K.L.:
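Take this structure first; my questions come after.
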Amino acid sequence: MDLRVLALSLMLWLIPAVASANDRLDALSELIYQYPSKAQEQIALLEKQQQSENTSDIDKLRLKILKCQNLLQLGENEAAINLAQLGDASAKQLKLDQARPYFLNCQADANINYDNIRNALPLLDSAINLSRRYQQPQALIDALRLRGQLDTDTENFSSSIEDLRIAIDLYPEIKNQTQNWFAPSQAYIYAAMGNLLYATNDMPQAMYYTNLALRAPDAKGKVMHVLLRNAARIAFDNNEREYSDQLEKKSKELLPEIGSPLELAYSYAILASIALDKGNIDTAEEYISISINTFKMQNQRAAMMRSTRLLAQIRFAQHRDQEALSLMNSAIEQGEDLKQYTDLKWFYKIMSDYYVTHDDFKQAYTFLDKRYHATELANEAINNTRLLQFKARLHQQGIQQTTNENMAPHNTERKEFGFDWAYSSLFLVGLFLLGGAIWYFIDRQNYRTSTDDLNVQSLPPLQQLELTLHSAKQGFYPLAILLLNAAQVRQVDVSPLLDDLQHKLREQDRLLRYSMDEIVIVLPYTSGQGAQKVVEQLSPIVKAWQSGDKVSFGIAVMQQFDTLESLIKRASVNQLAKLKDSEPHNHYSPAK
């Protein structure tokens with residue numbers, strides 16, 4: 001056992017009964033993220049002690065908060081939601097509203113684990129509002145981390161980076177909080193920033209923040225295992241194979257620190273995906289089999305769906321195509337039943353790529369069409385989520401404004417300049433993002449300003465492409481799109497390939513990694529003939545980075561009725577048509 005966890009455990013036993021209850025709860029708080037199974041034992045002991053002792057309402061509520069967080073670490077999401085709802089009600093009844101944001105954070109985290117974003121977002125916004133009102137930096141930082149992770153998952157990167165940046169800047173404020181409730185993990189905040197930068201393909205910065213997480217004081221036990229596991233994935237995609245191997249090895253050594261079978265299953269699933277990408281097929285199969293058994297027993301449907309897809313890719317790599325196709329069809333059925341459109345668009349792509357390599361272009365087109373339909377539904381779901389988020393924030397801001405007007409004379413004494421200023425910055429950033437989003441939707445209907453005036457570079461990549469397309473329609477000038485299939489390029493080489501392509505393009509051209517194996521290039525002021533010349537210029541660059549000789553570009557020229565999706569779809573059809581004349585591949589390489 002780690003000497004630190006032994007010391008912390010002994011503290012709980014050896015601190016005299018007359019000592020402050022806060023000391024015992026502070027010691028327990030350190031265990032929850034790092035050693036949740038050990039923390040569970042200590043929580044049970046403290047609950048018994050509270051029954052026989054004259055315990056304050058604050059200490060009772062705090063133990064409930066700690067227990068709720070511990071349930072999350074053990075994968076007991078339903079139990080966490082029930083306890084959080086009871087705890088929130090108790091805090092209201094006892095008029096200890098400063099405890100409420102911690103229970104709301106716990107509910108939100110559990111809902112995120114269930115992929116229930118519609119419930120999680122209002123809870124997080126309420127937690128942030130209450131954290132500010134009652135000067136609770138511990139709760140605020142944790143809520144910002146959770147919302148930042150959620151925005152990363154829904155590709156709302158501009159909002160995510162602001163939340164996480166402020167969470168990192170605010171972290172020292174937890175030391176100034178008068179009453180401790182539950183301190184967030186500094187390592188997980190750095191890791192969330194690393195995951196955001198990884199999602200935006202900024203691998204060097206992703207590794208920088210991941211290494212900060214690994215060096216954080218609380219990076220021990222389960223926390224360290226999770227960090228090492230994720231760092232191994234990032235290092236591999238950053239072309240640091242030896243470092244990735246070292247991180248993966250250290251992560252596996254810490255697997256015994258995971259006390260929950262469900263959390264262990266998630267770890268094995270991620271390790272399986274890394275093993276598959278490294279070509280360790282037997283290891284990948286062993287790990288994912290462990291995960292699937294646990295997910296099945298615990299009825300984790302979304303996790304089962306993704307694990308089934310991963311097992312299918314393992315079967316493709318083993319050239320057991322019929323088993324792989326059966327598994328993929330099962331994963332697709334699960335995805336359609338769960339309405340997991342973001343997952344489905346990748347599932348359909350795997351199937352489309354498979355049929356292309358087997359010259360079955362009719363089936364390939366069928367799944368390609370399904371993929372674009374799933375993409376539209378996924379984008380619609382993301383937009384609805386963001387709209388819900390904006391409405392929730394507007395509602396909370398309205399409530400806050402009314403509360404401030406009614407209670408301003410009573411709140412003056414408890415404001416702390418540093419914390420209040422930081423949250424005011426968050427509030428202004430939120431208004432700025434909301435105003436930018438509203439302007440964007442108005443602008444889509446009534447475009448009156450040039451692309452340069454709108455500072456296109458500040459927008460998310462997809463919005464940059466849509467705005468470029470809209471500008472071409474309004475200006476009545478030609479625009480072409482190129483779709484590059486980069487399936488034969490190693491994942492670790494995609495980023496340098498993008499850099500090489502960008503250097504060859506003009507300043508006004510737009511380049512985007514549209515999916516794992518697809519790169520979109522938008523060429524304003526370019527006809528079909530001009531686009532073909534660009535393909536001829538870019539093909540040698542692509543060929544230098546891929547394993548095969550055939551460079552697969554699709555071309556589409558904009559019509560006035562086109563959307564970005566329809567343009568990309570026509571480029572895909574053009575790409576498939578060109579493949580009919582190419583030589584068939586002997587083997588299928590599963591999409592990553």
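Just so it is clear, the structure is predicted and the values come from calculations on it, not from any experiment.
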K.L.:
Report yes if the side chains of Q50 and L63 come closer than 4.5 Å at any heavy-atom pair, otherwise no.
P.N.:
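Result yes, sub-4.5 Å side-chain heavy-atom pair found.
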
K.L.:
Without placing hydrogens or testing angles, list every side-chain donor-acceptor pair under 3.5 Å for residues 65-72, not counting sequence neighbours.
P.N.:
| unit_1 | atom_1 | unit_2 | atom_2 | d |
| --- | --- | --- | --- | --- |
| K67 | NZ | E47 | OE2 | 3.0 |
| N70 | ND2 | P36 | O | 3.4 |

K.L.:
Indicate yes or no for a side-chain donor-acceptor contact from Q138 to the backbone of W181 under 3.5 Å, with no hydrogens or angles considered.
P.N.:
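Pair found, side chain donor or acceptor close to backbone of W181.
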
K.L.:
Do N211 side-chain atoms and M207 backbone N/O form a donor-acceptor pair below 3.5 Å?
P.N.:
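Such a contact is found between N211 side chain and M207 backbone.
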
K.L.:
Please say whether more than 12 non-hydrogen atoms of neighbouring residues, nucleotides or ligands are located less than 6.0 Å from CG in L338.
P.N.:
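Result for CG/L338: enclosed.
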
K.L.:
Please report the shortest heavy-atom distance between A110 and I81, naming the atom on each side.
P.N.:
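Closest approach of A110 to I81: CB-CG1, 3.4 Å.
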
K.L.:
Evaluate the side-chain proximity of L140 to R132: yes if any heavy-atom separation is below 4.5 Å, no if none is.
P.N.:
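No; the side chains remain at least 4.5 Å from each other.
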
K.L.:
Does R301 pair with D337 as a salt bridge, N-O distance under 4.0 Å?
P.N.:
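Looking at R301 and D337, the cut-off is met.
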
K.L.:
Judged by atom type as modelled, is there a donor-acceptor pair below 3.5 Å linking the side chain of N111 to the main-chain atoms of Q107?
P.N.:
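Here the side-chain-to-backbone pair exists.
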
K.L.:
Compare every heavy atom of D151 with every heavy atom of S159, then report the nearest pair and how far apart it is.
P.N.:
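Taking every non-hydrogen atom into account, OG-OD2, 3.0 Å.
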
K.L.:
Treating D142 as the side-chain partner and P184 as the backbone partner, does any N or O pair qualify as donor plus acceptor under 3.5 Å?
P.N.:
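Pair absent, no side-chain N/O of D142 close to backbone of P184.
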
K.L.:
For S495, which residues count as a side chain to side chain donor-acceptor pair (under 3.5 Å) partner, sequence neighbours excluded?
P.N.:
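Side chain to side chain donor-acceptor pair (under 3.5 Å) check on S495 returns nothing, list empty.
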
K.L.:
Apply side chain to side chain donor-acceptor pair (under 3.5 Å) to E263 and list each qualifying residue two or more places apart in sequence or on a separate chain.
P.N.:
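E263 satisfies side chain to side chain donor-acceptor pair (under 3.5 Å) with K222 only.
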
K.L.:
So, the side chain of Y114 versus the backbone of E78: is there a donor-acceptor pair under 3.5 Å, distance only?
P.N.:
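Yes, the answer is positive, given that a donor and an acceptor are paired below the 3.5 Å cut-off.
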
K.L.:
Answer yes or no: is there a donor N or O on one side and an acceptor on the other, between the side chain of Q98 and the main chain of Y134, under 3.5 Å?
P.N.:
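Side chain of Q98 to backbone of Y134: no pair is present.
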
K.L.:
So which pairs with a foot in residues 183-209 pass ring-ring contact (aromatic ring centres under 6.0 Å, His included), sequence neighbours left out?
P.N.:
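Sorted result for residues 183-209: Y33-Y188.
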
K.L.:
Does D59 pair with R62 as a salt bridge, N-O distance under 4.0 Å?
P.N.:
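Not counted as a salt bridge, because no side-chain N and carboxylate O are separated by less than 4.0 Å.
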
K.L.:
Counting distance only, does the side-chain N/O of Q340 pair as donor-acceptor with the main-chain N or O of G335 below 3.5 Å?
P.N.:
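No; zero donor-acceptor contacts below 3.5 Å.
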
K.L.:
Rounded to the nearest 0.5 Å, what's the gap from CG on L564 to CG on L469? Could you check?
P.N.:
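These two atoms lie 6.5 Å from each other.
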
K.L.:
How long is the straight-line distance from CD of Q298 back to CD of E76, given to the nearest 0.5 Å?
P.N.:
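Nearest 0.5 Å value for the CD-CD distance: 7.0 Å.
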
K.L.:
After noting the C-alpha distance and the side-chain angles of L262 and F295, does the key distance pass the side chain to side chain contact (heavy atoms under 4.5 Å, CB included) rule?
P.N.:
CA-CA 7 Å; L262 185 57; F295 293 145; 3.9 Å; yes

K.L.:
Are the side chains of R145 and I141 in touch, meaning some heavy atoms are under 4.5 Å apart?
P.N.:
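With C-beta onward as the side chain, the pair stays apart.
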
K.L.:
Rounded to the nearest 0.5 Å, what's the gap from CG on D218 to CE on M224? Could you check?
P.N.:
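It is 9.5 Å, given to the nearest 0.5 Å.
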
K.L.:
Taking the side chain as everything from C-beta on, heavy atoms only, tell me whether I161 gets closer than 4.5 Å to L196.
P.N.:
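SC-SC contact between I161 and L196 confirmed.
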
K.L.:
CZ of F182 to SG of C106: how many Å apart, nearest 0.5 Å?
P.N.:
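Going from CZ on F182 over to SG on C106, the span is 9.0 Å.
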
K.L.:
Can you tell if the side chain of E248 reaches within under 4.5 Å of the side chain of L271, non-hydrogen atoms only?
P.N.:
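Result yes, sub-4.5 Å side-chain heavy-atom pair found.
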
K.L.:
Mind checking what makes side chain to side chain donor-acceptor pair (under 3.5 Å) contact with N105, not counting sequence neighbours?
P.N.:
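Listed in chain order: nothing, the list is empty.
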
K.L.:
Check whether any side-chain heavy atom of L247 sits under 4.5 Å from a side-chain heavy atom of I234, and report yes or no.
P.N.:
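L247 does not reach I234 side chain to side chain.
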
K.L.:
Within the 4.5 Å heavy-atom criterion, are Q136 and L130 side-chain neighbours or not?
P.N.:
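In short, these two side chains do not touch, never coming nearer than 4.5 Å.
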
K.L.:
Is there side-chain contact between D343 and R309, with at least one heavy-atom pair below 4.5 Å?
P.N.:
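Not in contact.
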
K.L.:
Look at the side chain of S126 and the backbone N and O of P122, then say whether any donor-acceptor pair between them is shorter than 3.5 Å.
P.N.:
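A pair under 3.5 Å: yes.
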
K.L.:
Keeping the roles fixed (side chain from D202, backbone from L197), state whether a donor-acceptor pair exists under 3.5 Å.
P.N.:
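Between the backbone of L197 and the side chain of D202 there is no qualifying donor-acceptor contact (under 3.5 Å).
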
K.L.:
List the atom of I274, the atom of A232, and the distance in Å for their closest heavy-atom pair.
P.N.:
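Where I274 meets A232 most closely, the heavy atoms are CD1-CB, 4.1 Å.
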
K.L.:
Counting N and O atoms only, with roles assigned by atom type, does the side chain of S131 sit under 3.5 Å from a partner on the main chain of A127, one being a donor and the other an acceptor?
P.N.:
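Looks like yes, one N/O pair under 3.5 Å.
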
K.L.:
Under the rule for side chain to side chain donor-acceptor pair (under 3.5 Å), what residues qualify as partners of T210, not counting sequence neighbours?
P.N.:
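Scan of T210 (side chain to side chain donor-acceptor pair (under 3.5 Å), adjacent residues dropped) gives none.
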
